[in-house]
Colleague: 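My structure is below; once you've seen it, I'll send some questions.
The structure presented is a predicted model; accordingly, all values stated were derived computationally and were not measured. Residue numbering restarts at 1 for every chain, and letters A, B, ... go by the order of the sequence lines.
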Amino acid sequence: MRYVPPADVAEALRVQEELRSRVDLVGPGPTAPATVAGLDVAYAESGDRLAAAVTVLDAATLAVVDEAVSVGRPAFGYVPGLFAFRELPALLAALDRLAVRPDLLVCDGHGLAHPRRFGLACHLGLVTGLPTIGVGKTPLVGAWTEPGPRRGDWSPLREGDEVVGRVLRTRDGVRPVFVSVGHRMSLDNAADRVLALTPRYRLPETTRTADRLCRRALAGAAA
DNA sequence: GCGACAG
DNA sequence: ATCTTGTCGC
């Protein structure tokens with residue numbers, strides 16, 4: 001099955017509008033998944049080439065049990081709010097090459113914490129049918145108060161009256177990450193899963209392994 | 001009208 | 001995302 005990227009911004013907005021209603025924001029999703037996958041993309045300095053990687057980890061040991069990469073070109077310009085269209089094709093290609101179907105996807109970008117409540121994590125969840133959560137390193141939308149200084153401390157990420165995510169401290173004294181629901185997950189469960197993936201570093205182990213893999217793939221791929 | 005703006 | 005020097009700390 002092939003993915004056809006939108007021709008322009010107007011079409012991308014229409015696609016988001018059409019898909020957003022199908023997202024499952026309740027879940028609650030798996031509380032004890034056997035495997036969890038991380039996805040990330042690295043770009044060549046020229047910006048015309050990219051590598052997408054997926055790593056599947058044993059949720060208990062955090063050991064990598066499967067991985068796949070896909071090298072290609074960005075499918076869309078970088079437009080905040082339409083970010084998913086850029087990386088989705090390559091990410092889906094990498095997912096297709098997996099031998100193991102993971103129980104949960106951890107995306108490097110927001111889910112519900114998006115201007116139209118349909119970030120990369122939502123889009124990826126809807127397309128794959130898998131539970132997904134979004135973990136952003138920097139905010140895209142919303143307001144929050146600084147969470148406490150210890151691992152596990154958090155504060156709600158709000159936009160107007162709605163809670164669109166959670167500002168979560170994954171390690172003592174380090175900058176928090178921005179967790180939001182992607183698809184088929186509750187926010188509470190999403191935050192718990194992120195904490196389970198951060199026994200040592202700020203970012204989830206899934207994101208870290210995927211990041212290393214796509215960088216390696218980009219460096220090793222022929223121009 | 002002027003900034004801000006996931007990766 | 002990627003480009004970048006040094007610096008602080010284990």
Side-chain angles (χ1 to χ4, degrees), chain A residues 5-6 9 12-13 15-16 19-20 23 38-55 69-95 105-127 132-144 157-160 164-168 170-183 187 190 194 199-204 206-221 223:
Chain A
V9 168
L13 290 171
V15 172
Q16 287 191 334
L19 296 181
R20 55 181 292 183
V23 174
L39 303 92
D40 194 22
V41 173
Y43 292 82
E45 23 192 312
S46 52
D48 60 356
R49 210 163 49 88
L50 59 73
V54 189
T55 52
V69 297
S70 167
V71 176
R73 295 185 155 284
F76 204 80
Y78 173 61
V79 182
L82 298 178
F83 172 62
F85 296 100
R86 185 172 176 76
E87 303 190 339
L88 208 51
L91 289 171
L92 292 176
L95 281 168
L105 262 35
V106 178
C107 309
D108 66 315
H110 303 287
L112 235 205
H114 173 277
R116 290 168 296 282
R117 308 290 175 266
F118 194 69
L120 171 66
C122 300
H123 207 144
L124 213 37
L126 202 57
V127 172
T132 61
I133 66 186
V135 180
K137 297 182 285 295
T138 61
L140 174 60
V141 296
W144 70 96
L157 177 62
R158 290 195 169 90
E159 191 168 79
V164 298
R166 185 170 295 188
V167 184
L168 177 66
T170 55
R171 304 297 307 163
D172 290 359
V174 301
R175 280 184 301 149
V177 298
F178 299 78
V179 178
S180 61
V181 168
H183 183 52
L187 184 53
V194 170
R200 180 154 186 203
Y201 299 101
R202 175 188 179 230
L203 297 179
T206 38
T207 300
R208 292 168 45 79
T209 53
D211 176 77
R212 288 185 304 230
L213 179 56
C214 61
R215 291 192 192 214
R216 206 187 314 145
L218 193 61

Colleague: Can you name the nearest heavy-atom pair linking Cys122(A) to His183(A), along with the distance?
Modeller: O-CB, 4.4 Å
Colleague: Taking only residues two or more places apart in sequence, or in another chain, which ones meet Arg212(A) in a side-chain hydrogen bond (donor to acceptor under 3.5 Å, both in side chains)?
Modeller: none
Colleague: Could you report the tightest heavy-atom contact between Val181(A) and Leu187(A), atom names first, then the distance?
Modeller: CG2-N, 3.4 Å
Colleague: Using the 3.5 Å cut-off, write out each protein N or O paired with an N or O of nucleotides 7-10 of chain C and the distance between them.
Modeller:
none

Colleague: Please classify the nucleic acid contact of Ala42(A) as base, sugar-phosphate, or nothing, using heavy-atom distances under 4.0 Å.
Modeller: sugar-phosphate
Colleague: Is it true that a side-chain atom of Arg166(A) and a backbone atom of Leu157(A) form a donor plus acceptor pair closer than 3.5 Å?
Modeller: no
Colleague: Could you work out, with side chain to side chain contact (heavy atoms under 4.5 Å, CB included) as the rule, every residue matching Ala51(A), not counting sequence neighbours?
Modeller: Val71(A), Cys214(A), Ala217(A), Leu218(A)
Colleague: Could you report the tightest heavy-atom contact between Thr132(A) and Gly125(A), atom names first, then the distance?
Modeller: CG2-CA, 3.3 Å
Colleague: Which letters describe nucleotides 1-7 of chain B, given B = protein heavy atom under 4.0 Å from base, S = only from sugar-phosphate, - = neither?
Modeller: ----BBB
Colleague: Distance-only criterion, 3.5 Å: show the donor-acceptor pairs between side-chain atoms of residues 84-91 of chain A and protein atoms not counting sequence neighbours.
Modeller:
{"unit_1": "Arg86(A)", "atom_1": "NE", "unit_2": "Tyr43(A)", "atom_2": "OH", "d": "3.2"}
{"unit_1": "Arg86(A)", "atom_1": "NH1", "unit_2": "Phe76(A)", "atom_2": "O", "d": "2.7"}
{"unit_1": "Glu87(A)", "atom_1": "OE2", "unit_2": "Tyr43(A)", "atom_2": "OH", "d": "2.7"}

Colleague: When the side chains of residues 108-121 of chain A are checked against the rest of the protein, which donor-acceptor pairs come out under 3.5 Å, sequence neighbours left out?
Modeller:
{"unit_1": "His110(A)", "atom_1": "NE2", "unit_2": "Thr138(A)", "atom_2": "O", "d": "2.9"}
{"unit_1": "His114(A)", "atom_1": "ND1", "unit_2": "Arg116(A)", "atom_2": "N", "d": "2.9"}
{"unit_1": "His114(A)", "atom_1": "ND1", "unit_2": "Arg117(A)", "atom_2": "N", "d": "3.4"}
{"unit_1": "His114(A)", "atom_1": "ND1", "unit_2": "Phe118(A)", "atom_2": "N", "d": "3.2"}
{"unit_1": "His114(A)", "atom_1": "NE2", "unit_2": "Gly81(A)", "atom_2": "O", "d": "2.7"}
{"unit_1": "Arg116(A)", "atom_1": "NE", "unit_2": "Gln16(A)", "atom_2": "OE1", "d": "2.7"}
{"unit_1": "Arg116(A)", "atom_1": "NH2", "unit_2": "Gln16(A)", "atom_2": "OE1", "d": "3.0"}
{"unit_1": "Arg116(A)", "atom_1": "NH2", "unit_2": "Gly81(A)", "atom_2": "O", "d": "3.1"}
{"unit_1": "Arg117(A)", "atom_1": "NE", "unit_2": "Glu162(A)", "atom_2": "OE1", "d": "3.3"}
{"unit_1": "Arg117(A)", "atom_1": "NE", "unit_2": "Glu162(A)", "atom_2": "OE2", "d": "3.4"}
{"unit_1": "Arg117(A)", "atom_1": "NH1", "unit_2": "His114(A)", "atom_2": "O", "d": "2.5"}
{"unit_1": "Arg117(A)", "atom_1": "NH1", "unit_2": "Glu159(A)", "atom_2": "OE1", "d": "3.3"}
{"unit_1": "Arg117(A)", "atom_1": "NH2", "unit_2": "Glu159(A)", "atom_2": "OE1", "d": "2.7"}
{"unit_1": "Arg117(A)", "atom_1": "NH2", "unit_2": "Glu162(A)", "atom_2": "OE2", "d": "3.1"}

Colleague: Taking Thr207(A) for its side chain and Gly38(A) for its backbone only, find out whether a donor-acceptor pair lies under 3.5 Å.
Modeller: no
Colleague: Around Arg158(A), counting heavy atoms of other residues, nucleotides and ligands shown, do more than 12 lie under 6.0 Å from its CZ?
Modeller: no
Colleague: Treat a base pair as Watson-Crick or G-U wobble with both distances under 3.5 Å, then lay out DNA chain B in dot-bracket form, 5' to 3', with | for cross-strand pairs.
Modeller: .......
Colleague: Taking only residues two or more places apart in sequence or in another chain, which ones pass side-chain hydrogen bond (donor to acceptor under 3.5 Å, both in side chains) with Thr209(A)?
Modeller: Thr55(A)
Colleague: Identify the two heavy atoms, one from Gly182(A) and one from Val23(A), that lie closest to each other, and give their separation to 0.1 Å.
Modeller: O-CG1, 3.2 Å
Colleague: Which dot-bracket string fits DNA chain C when only Watson-Crick or G-U wobble pairs with both atom distances under 3.5 Å count, crossing pairs get [ ], and | stands for a partner on a different strand?
Modeller: ..........
